[in-house]
S.K.: 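For reference, the structure I am asking about is given below.
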Amino acid sequence: LSPDKTYTHEVTVENLTDKPLPLRATLNDFLTADEEGGYVFEDTKTNPLLSWITLNETEFIINPKEKKTLQMIIKTPKSISLGGYYGILFFEPVVQGSTPNGARVSSKVGVLMLANVGVPDPNTQKAEILEFKTPPLDSDGDIFTELRVKNISLNFFTAKPIITAKPLITFTPGATEKEVILEDKIIFPSKVRRWTNESAIQNLSPNIYVLQVAVSTGNGQIVTKETYIVTFPVLKVSLMLVIVGIISFFIVKRKRLKQALMALVR
């Protein structure tokens, strides 16, 4: 968005039922609740974007299996601070009548509205990798990393991380470079997003690996971070040592028993 401009967008909602559906359209704030990307919806309307929006209709009826298109007009003021502006447009059934005990369950659908004012400097860093870690030793070759990225810019962006595992000892059989592309996630200004279970690198052969994460934040900007991990089949090696120890024990015992029998015979 730019100051002192008028924009028009269309929003279409469809009645999937076999009955006429009375709907009410409302504008609300939303906040990101945690690093997993959860949202909290507010009725306070503190975000200026909501005051710039006018809907051509707010209550209407959609016939069965039909669609309704609303006009959303956004008129920006002459002076706007740079940064991100957010809101959500909800469509909620208008329930008629009442129930005997006063309780009622209703549902609503919504669409997030994300707006940027101003074009960020492409040379300004937008993201910071707060954490990229994994256990220093892995015994089965399946590595789970934890990645946390913070938005240090004024605008939201979509973070696209890629994790690469590169072996330091290339002559080890099966030690090849592996890559995992993680899920894209939107990060709002001053907020942090986290990747955990989805960031698995599997079937790594025993070796020392350099793990690098490269997070693309748009416009060709990438932030990176590295860590190291040793993959070594500790359990398998321990089990083999135990088996070898048991076999050696019985071999030694057998030799001693044989020597004792020979002494008795003499």
Side-chain angles (χ1 to χ4, degrees), residues 1-16 21-62 67-95 103-120 124 126-128 130 148-160 183-195 215 217-219:
L1 300 178
S2 297
D4 200 23
K5 299 287 185 181
T6 300
Y7 303 85
T8 301
H9 296 273
E10 290 186 345
V11 182
T12 301
V13 59
E14 182 178 3
N15 179 4
L16 303 178
L21 183 64
L23 289 181
R24 178 183 296 115
T26 58
L27 297 169
N28 291 83
D29 275 346
F30 74 91
L31 305 172
T32 54
D34 51 38
E35 295 185 9
E36 301 300 331
Y39 298 120
V40 174
F41 302 107
E42 301 283 353
D43 296 327
T44 52
K45 297 182 175 61
T46 57
N47 196 303
L49 174 64
L50 303 178
S51 64
W52 305 340
I53 297 176
T54 302
L55 300 173
N56 65 330
E57 291 183 76
T58 56
E59 292 193 6
F60 47 88
I61 297 175
I62 309 180
K67 299 179 182 179
K68 174 76 173 179
T69 298
L70 297 186
Q71 298 293 324
M72 178 192 297
I73 300 172
I74 305 175
K75 184 174 178 57
T76 58
K78 294 182 179 180
S79 178
I80 311 177
S81 299
L82 299 179
Y85 295 85
Y86 320 111
I88 185 167
L89 172 61
F90 276 126
F91 294 97
E92 183 177 15
V94 179
V95 181
R104 186 182 301 278
V105 177
S106 181
S107 63
K108 56 185 177 182
V109 295
V111 56
L112 292 177
M113 300 176 293
L114 312 177
N116 278 338
V117 174
V119 180
T124 301
K126 296 196 294 184
E128 176 185 2
L130 299 181
R148 296 173 67 241
V149 179
K150 182 177 182 179
N151 183 345
I152 57 176
S153 70
L154 294 174
N155 303 89
F156 73 90
F157 60 82
T158 299
K160 303 179 179 182
E183 175 190 359
D184 298 354
K185 293 185 179 182
I186 294 176
I187 309 180
F188 294 95
S190 74
K191 300 296 182 179
V192 177
R193 295 299 302 272
R194 181 171 64 235
W195 289 259
V215 182
T217 59
N219 296 324

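Residue numbers start at 1 and run along the sequence shown. Everything numeric here is computed off the predicted structure, so don't read it as measured data.
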S.K.: Measure across A25 and L89 and return the closest heavy-atom pair with its distance rounded to 0.1 Å.
M.R.: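 Smallest heavy-atom distance, with atoms named: CB-CD1, 4.2 Å.
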S.K.: Could you measure the distance from the OG1 atom of T6 to the CD1 atom of I73? Nearest 0.5 Å is fine.
M.R.: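 With rounding to 0.5 Å, OG1 (T6) is 8.0 Å from CD1 (I73).
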S.K.: How are the rings of F156 and F188 set relative to one another: parallel (under 30°), tilted (30 to 60°) or perpendicular (over 60°)?
M.R.: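 Tilted: the ring planes of F156 and F188 meet at 30° to 60°.
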S.K.: T158 side chain to I186 main-chain N or O, any donor-acceptor pair under 3.5 Å?
M.R.: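 Not at all, since once roles are kept as given, no pair shorter than 3.5 Å links the two residues.
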S.K.: Nearest 0.5 Å please: distance from the OG1 atom of T124 over to the CG atom of N155.
M.R.: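 With rounding to 0.5 Å, OG1 (T124) is 10.5 Å from CG (N155).
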S.K.: Does atom NZ of K5 have more than 12 heavy-atom neighbours, drawn from other residues, nucleotides or ligands, at distances under 6.0 Å?
M.R.: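 Not buried by this count: 12 neighbours or fewer within 6.0 Å.
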S.K.: Measuring from T69:OG1 to E14:CD, what's the distance to the nearest 0.5 Å?
M.R.: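 T69 atom OG1 to E14 atom CD measures 10.5 Å (nearest 0.5 Å).
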S.K.: Specify the closest pair of heavy atoms between S190 and K150, including all atoms of both residues, with the distance to one decimal.
M.R.: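 Taking S190 first and K150 second, the nearest heavy atoms are O-CE, 3.9 Å.
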S.K.: Run the side chain to side chain contact (heavy atoms under 4.5 Å, CB included) check on E35 and V192 step by step: do they pass?
M.R.: CA-CA 5 Å; E35 295 185 9; V192 177; 3.7 Å; yes
S.K.: Assess the residue pair M113 and M72 against the criterion (side chain to side chain contact (heavy atoms under 4.5 Å, CB included)); give the C-alpha distance rounded to whole Å, side-chain angles, the decisive distance to 0.1 Å, and a yes or no.
M.R.: CA-CA 11 Å; M113 300 176 293; M72 178 192 297; 3.6 Å; yes
S.K.: So does R194 get a backbone contact from the side chain of K185, meaning a donor-acceptor N/O pair under 3.5 Å?
M.R.: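 Between the backbone of R194 and the side chain of K185 there is a qualifying donor-acceptor contact (under 3.5 Å).
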S.K.: Using a 3.5 Å distance criterion without hydrogens, assess whether the side chain of K126 forms a donor-acceptor pair with backbone atoms of T217.
M.R.: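 Pair found, side chain donor or acceptor close to backbone of T217.
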S.K.: Tell me the closest heavy-atom pair linking N15 and I62, and the distance in Å.
M.R.: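 For N15 and I62, the tightest heavy-atom pair comes out as ND2-O, 3.1 Å.
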S.K.: Would you say N56's side chain and Q71's backbone share a donor-acceptor pair under 3.5 angstrom?
M.R.: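 Between the backbone of Q71 and the side chain of N56 there is a qualifying donor-acceptor contact (under 3.5 Å).
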S.K.: Between G87 and F30, what is the shortest heavy-atom contact and its length?
M.R.: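 Between these two residues, the closest heavy atoms are O-CE2, 3.4 Å.
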S.K.: Looking at A115 and L1, what are the two nearest heavy atoms and their distance?
M.R.: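 Closest pair (atom of A115, atom of L1, distance): CB-CD1, 3.7 Å.
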S.K.: Going by side chain to side chain contact (heavy atoms under 4.5 Å, CB included), F91 matches just one of T26, V11, L21. Which one?
M.R.: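 With F91 as partner, T26, V11, L21 yield a single side chain to side chain contact (heavy atoms under 4.5 Å, CB included), made by V11.
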S.K.: Just verifying a value: how many Å separate L27 CG and L49 CG, rounded to the nearest 0.5 Å?
M.R.: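 Rounded to the nearest 0.5 Å, the CG-CG separation comes out at 8.5 Å.
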S.K.: To the nearest 0.5 angstrom, please state how far the CH2 atom of W195 sits from the CZ atom of R148.
M.R.: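 These two atoms lie 11.0 Å from each other.
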S.K.: Which atom names give the shortest non-hydrogen contact between I80 and P3, and what distance separates them?
M.R.: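 Between these two residues, the closest heavy atoms are CD1-CA, 3.7 Å.
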S.K.: Hey, mind stepping through Y86 and T32 against side chain to side chain contact (heavy atoms under 4.5 Å, CB included) and telling me if it holds?
M.R.: CA-CA 11 Å; Y86 320 111; T32 54; over 6 Å; no
S.K.: Would you say P93 and L23 make side-chain contact, with heavy atoms under 4.5 Å?
M.R.: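 The answer is yes; the side chains approach within 4.5 Å.
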S.K.: Measure the shortest side-chain to side-chain distance between K78 and D4 over non-hydrogen atoms and say whether it is less than 4.5 angstrom.
M.R.: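 In short, these two side chains touch, coming nearer than 4.5 Å.
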S.K.: Keeping the roles fixed (side chain from Y7, backbone from S2), state whether a donor-acceptor pair exists under 3.5 Å.
M.R.: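 Looks like yes, one N/O pair under 3.5 Å.
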S.K.: Rounded to the nearest 0.5 Å, what separates atom CD1 in I74 from atom CG in L50?
M.R.: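 One finds 10.0 Å between CD1 of I74 and CG of L50.
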S.K.: Less than 4.5 Å apart, any side-chain heavy atom of L154 and any of P189?
M.R.: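 Not in contact.
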